[in-house]
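No hydrogens, no waters, no symmetry mates; every other heavy atom, side chains included, goes into these values. Indexing begins at 1, ligand by ligand and atom by atom, following the structure's order.
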Amino acid sequence: MTNLRGKAFSTRAVHAGERMKQGEHTPVTTPIVPSVAYLYESMDELDAIFANTRQGYVYARYTSPTVAAFETAVADLEEGEAALAFASGMAAIQAALLAAGVCAGSHVVCAYDVYGATYSLLTRLFAGLGVRTSLVNVSDLPAVEAVLREGGTTALFVETISNPLLKVADIPALAELSHRHGAQLLVDNTFATPCLIRPLLHGADYVIHSATKYLAGHGDVLAGVVVTDAANCLRMFETNKLLGSNLGPFEAWLALRGLKTLPLRVREQCRNAQHLAQWLAERPGVAKVNYPGLAGHPQHALAKALFGDQGYGGVLSFEIQGAGRADAFRFMEALQLCLAATTLGDIYTLILHPASSSHRTLSEAERQQIGITEGLLRLSAGIEDPLDIQADLEGAFQTLKL
Ligand SMILES: Cc1ncc(COP(=O)(O)O)c(C=O)c1O
């Protein structure tokens with residue numbers, strides 16, 4: 001493997017995890033290794049690998065070379081000791097919660113505006129297994145502390161940039177608060193990506209990605225990954241040997257390939273999102289634009305402090321003036337270039353109606369409480385020319401006569 005110590009982020013994105021030795025030669029790009037099981041000269045060797053006293057591969061549900069290469073690369077980019085890849089972002093979130101010690105009788109504190117499936121995982125599925133979750137506004141630090149002060153909290157779960165309202169979490173302050181009250185901080189860094197922030201450097205204990213989004217970046221692979229310290233990772237690894245939610249080698253190969261252009265894509269997506277947010281903010285017929293890059297965003301200064309000059313992410317959301325669900329659907333159907341598809345972080349510009357998709361599992365009352373209205377649309381900027389996307393959106397506004 002190339003020595004990447006001290007190298008820049010974009011250099012590491014290209015080379016991290018690569019140069020896996022294969023006998024006498026070293027392929028430039030990591031190959032897909034689909035083998036389920038592995039042979040060794042002696043049974044003692046196999047036994048040592050089973051016992052984690054020697055590195056190696058035993059069985060693909062434990063780990064396999066292509067997956068390990070992807071894990072090494074993401075751990076490097078997030079500046080963590082170790083990473084474990086999963087079959088989806090949701091599998092990664094579940095694994096991180098379990099590794100943090102969440103079990104029957106535990107208390108979890110979670111930002112109320114998180115991805116809908118995360119919200120439902122905690123408030124429905126985990127609740128049924130005896131886990132109590134308190135939902136908080138993580139932008140209100142005294143309110144978060146008031147809940148943590150009650151004691152007995154195992155984990156605080158937040159998204160760096162929240163889905164779909166684009167709130168920015170004060171990761172350093174939340175890390176300090178959670179540790180002071182004996183809880184671990186789990187950060188879903190899917191929207192921000194390690195290009196903008198590496199939460200482990202700010203005190204987070206676990207960083208989680210839906211690698212389906214920016215890390216892989218091309219809308220052709222479902223994947224998740226957790227980055228944490230070596231001891232936590234070993235615990236996740238042992239648990240996952242039983243749960244089997246691991247990533248497959250073909251998907252790992254695609255995700256690793258995607259990582260190489262992550263800095264290029266995210267730079268362009270941030271620029272395009274900034275352009276579109278500013279245009280939408282000034283356009284009549286738009287009631288509200290949520291984007292941390294806008295000077296009027298409530299956490300704009302915080303985002304600037306945390307992300308430096310890397311940009312403010314590729315996702316924004318906006319409310320169409322006076323729109324109900326039918327108007328929002330009509331707007332989406334009128335689009336030619338923006339794809340009305342249920343994902344984000346791809347090279348394509350994508351648009352989604354949170355109330356009927358990403359946050360569908362929430363009740364109407366829960367959505368209202370969070371601020372997800374029927375006229376809210378989430379846009380994930382791709383890498384197309386932003387003027388073409390702007391013209392496409394303008395055409396859709398015209399069909400609503402706005
Ligand atoms: C912020 C965030 N976290 C996690 C997930 C879940 O990821 P996956 O769909 O890969 O399971 C999503 C999916 O949209 C997401 O937006």
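In this structure, the side chain of Asn246 does not engage the main chain of Tyr62 through any donor-acceptor pair within 3.5 Å.
Residue Met90 has at least one nitrogen or oxygen atom sitting less than 3.5 Å from a nitrogen or oxygen atom of ligand 1, judged on distance alone. Looking at Thr212 next to ligand 1, an N or O pair under 3.5 Å apart turns up. Where the criterion is an N or O separation shorter than 3.5 Å, residue side chain and backbone included, Glu159 fails it with respect to ligand 1. Looking at Leu222 next to ligand 1, no N or O pair under 3.5 Å apart turns up.
A distance of 9.0 Å separates NZ of Lys167 from CD1 of Ile370, quoted to the nearest 0.5 Å.
Below 4.0 Å from some heavy atom of Asp188 lie the following atoms of ligand 1, by number and element: 1 (C), 2 (C), 3 (N), 4 (C). Residue Ser88 approaches ligand 1 through these ligand atoms, each under 4.0 Å from one of its heavy atoms: 10 (O), 11 (O).
With respect to atom 5 (C) of ligand 1, the closest heavy atom belonging to the protein is Tyr115 CD2, 3.4 Å. In terms of protein heavy-atom proximity, atom 16 (O) of ligand 1 is nearest to Asn163 ND2, 3.0 Å.
His107 and Val147 get closest at one heavy-atom pair: CE1-CG1, 3.9 Å. Scanning both residues, Leu196 and Gly313, for their nearest heavy atoms gives CD1-N, 3.5 Å.
Inter-residue side-chain proximity for Phe157 and Val138 is flagged as unmet; no heavy-atom pair is nearer than 4.5 Å. Side-chain atoms of Leu84 and Glu71, non-hydrogen and from C-beta on, do get closer than 4.5 Å to each other.
A cation-pi arrangement, defined by a distance under 6.0 Å to the six-membered ring centre and an angle within 45 degrees of its axis, is present between Arg283 and Phe397.
Under 4.0 Å from ligand 1, the heavy atoms of Leu344 that appear belong solely to its side chain.
Distances shorter than 4.0 angstrom occur between a heavy atom of Lys213 and an atom of ligand 1.
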